Amino acid sequence: MEAPHNGPAAETVPEPTGTTVPDAAGALPDAVTVTLTVTSPEQMQDLGRRLAGVLAPGDLVMLTGELGAGKTTLTRGLGEGLGVRGAVTSPTFVIARVHPSLVQGPALVHVDAYRLGGGLDEMEDLDLDVSLPESVVVVEWGDGKVEELSEDRLRVLIDRATGDTDDERREVTLVGIGARWAGLREALA
């Protein structure tokens, strides 16, 4: 379960590390991977704020991780960094929330595809393809469902210890797919 976050982050996120990911044949596709360790919800939210500085209208961000991994906490930081209106909370039961910008930037469209079984066809009712050009679209549980929206996208994989544990540590892997993300590592440094 994610802890409430009402104040500024008390910690900072460590510097990213990573390499370009080769495909099965050993060729280097248009993908860059950045991996870092986050040790608290405050650091996860801070990572979201830092990542917001890299995002632009038209960006698609796909979040993957176990329940309670920190997907919504990261998105809350994105919302703060983008300067959007409204509290960023899990859209599980409404499926999508739109947070307009308060600072003349892109809106944040926050989608939870957990309960959606189909691919892009089922997502079409959300009109994400219409929202994407002028917004930052963040889709939790979007793997296998929204890739067709954009050739350039950012996958964020959050791994956490499972079971009965109080361990707040998360391994966060950012995979920038497409030329748009070529400078991801440098942008987060």
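This structure is a prediction, so every number in the text was calculated from the model and none was measured.
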Please examine the side chains of Leu36 and Leu47, heavy atoms only from C-beta on, and report whether any two atoms are closer than 4.5 Å. yes
Can you name the nearest heavy-atom pair linking Arg185 to Thr33, along with the distance? NH2-O, 3.4 Å
For Gly65 and Trp141, the nearest pair of non-hydrogen atoms, with its separation, is O-CH2, 3.2 Å
Mark yes or no for whether Arg170, through its side chain, and Glu168, through its backbone, hold a donor-acceptor pair below 3.5 Å. yes
Got Val54 and Trp181 here, is their nearest side-chain heavy-atom distance under 4.5 Å? yes
Could you check if a side-chain atom of His110 sits within less than 4.5 angstrom of a side-chain atom of Leu78, using non-hydrogen atoms only? no
Closest heavy-atom pair, Arg155 versus Leu157, reported as atoms and distance to 0.1 Å, is NH2-CD2, 3.5 Å
Is a side-chain N or O of Arg76 found less than 3.5 angstrom from the main chain of Val88, in a donor-acceptor match? yes
Nearest non-hydrogen partners of Arg160 and Leu67, listed with the distance: NH2-O, 2.6 Å
Answer yes or no: is there an ion pair linking Lys71 with Asp112, defined by an N-O contact shorter than 4.0 Å? no
For residues Leu74 and Val138, determine if any side-chain heavy atom of one lies less than 4.5 Å from a side-chain heavy atom of the other. no
Does a side-chain heavy-atom distance below 4.5 Å link Leu154 with Leu184? yes
Heavy-atom closest contact (Pro57 atom, Pro106 atom, distance): CG-CB, 3.9 Å
For Glu186, enumerate each residue passing the side chain to side chain contact (heavy atoms under 4.5 Å, CB included) test, keeping only those at least two apart in sequence or located in another chain. none
How about Leu82 and Ser101: do any of their side-chain heavy atoms sit closer than 4.5 Å? no
Any side-chain to backbone donor/acceptor pair from Asp59 onto Val136? Under 3.5 Å, distance only. no
Just do the side chain to side chain contact (heavy atoms under 4.5 Å, CB included) check on Leu51 and Leu174 with the steps written out, would you? CA-CA 10 Å; Leu51 189 55; Leu174 304 146; 4.2 Å; yes
Arg85 side chain vs Val98 backbone, donor-acceptor pair below 3.5 Å: no
Any Thr75 side-chain heavy atom under 4.5 Å of Leu108 side chain: yes
Can you name the closest pair of heavy atoms from Thr72 and Glu140 and give their distance? OG1-OE2, 2.9 Å
Report yes if some heavy atom in the side chain of Thr73 is under 4.5 Å from a heavy atom in the side chain of Gln45; otherwise report no. yes
Mind checking the CZ-CG spacing from Arg50 to Leu188? Nearest 0.5 Å is all I need. 5.5 Å
Return the CG to CZ distance between Asp159 and Arg169, rounded to the nearest 0.5 Å. 12.0 Å
To the nearest 0.5 Å, what is the distance between CD1 on Ile158 and CE on Met44? 4.0 Å
